[in-house]
**Student:** 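Take a look at this one; I'll ask things after.
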Amino acid sequence: MEKFFIIKQIKSSIGILPKHKLILKGLGLRHINHVVKRPKNKSIQGMIRKIFYILEVR
């Protein structure tokens with residue numbers, strides 16, 4: 001079982017809620033097509049669930 005999420009930002013952060021911008025920053029995403037690798041845990045899953053419309057997760 002894979003222990004990491006591969007997260008890619010697929011939409012711009014312009015015009016989204018300020019709380020959602022903070023979640024993007026917390027995940028370490030900076031711009032469109034930026035990809036990060038984060039561990040699978042409940043806090044990361046919650047962050048992904050809040051801003052699913054901006055992300056692509058593998």
Side-chain angles (χ1 to χ4, degrees):
M1 188 167 136
E2 195 173 310
K3 297 181 182 178
F4 293 95
F5 287 118
I6 307 295
I7 306 168
K8 180 179 180 180
Q9 183 177 345
I10 58 170
K11 289 190 177 180
S12 174
S13 62
I14 296 172
I16 66 171
L17 295 173
K19 285 185 178 182
H20 291 189
K21 284 186 183 183
L22 292 175
I23 293 171
L24 277 175
K25 188 175 181 181
L27 286 171
L29 293 165
R30 299 171 186 215
H31 50 80
I32 298 172
N33 291 326
H34 190 202
V35 178
V36 294
K37 187 176 180 181
R38 295 290 171 250
K40 276 193 178 180
N41 59 41
K42 296 220 181 239
S43 62
I44 299 295
Q45 286 177 338
M47 294 169 106
I48 291 169
R49 193 173 298 126
K50 288 273 188 181
I51 58 170
F52 69 92
Y53 61 95
I54 301 173
L55 306 176
E56 177 181 290
V57 182
R58 286 186 242 138

**Student:** Could you give the side-chain donor-acceptor pairs of residues 9-18 under 3.5 Å, partners two or more places apart or in another chain?
**Tutor:**
{"from": "Q9", "atom 1": "NE2", "to": "K11", "atom 2": "O", "distance (Å)": "2.9"}
{"from": "S12", "atom 1": "OG", "to": "I14", "atom 2": "N", "distance (Å)": "3.1"}

**Student:** Measure the spacing between CZ of F5 and NZ of K37 and express it to the nearest 0.5 Å.
**Tutor:** 13.0 Å
**Student:** I need the R58 CZ to I7 CD1 distance, nearest 0.5 Å.
**Tutor:**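 The CD1 atom of I7 is 11.0 Å from CZ of R58, to the nearest 0.5 Å.
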**Student:** Please tabulate, for side-chain N and O atoms in residues 42-55, each donor-acceptor pair with protein atoms closer than 3.5 Å (sequence neighbours left out).
**Tutor:**
{"from": "S43", "atom 1": "OG", "to": "N41", "atom 2": "OD1", "distance (Å)": "2.8"}
{"from": "Y53", "atom 1": "OH", "to": "H20", "atom 2": "ND1", "distance (Å)": "2.5"}

**Student:** Does atom NZ (K25) have a neighbourhood of more than 12 heavy atoms from anything else shown, all under 6.0 Å?
**Tutor:**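 At most 12 heavy atoms, drawn from other residues, nucleotides or ligands, come within 6.0 Å of this atom.
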**Student:** Rounded to the nearest 0.5 Å, what separation is found between the CD1 atom of I6 and the CZ atom of R38?
**Tutor:**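 Nearest 0.5 Å value for the CD1-CZ distance: 10.0 Å.
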**Student:** Starting from L22 and following side-chain heavy-atom contacts under 4.5 Å between hydrophobic residues (I, L, V, M, F, W, Y), which residues can be reached?
**Tutor:** none
**Student:** When rounded to the nearest 0.5 angstrom, what distance separates CD1 in I32 from NZ in K8?
**Tutor:**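 So the CD1 of I32 and the NZ of K8 are separated by 10.5 Å.
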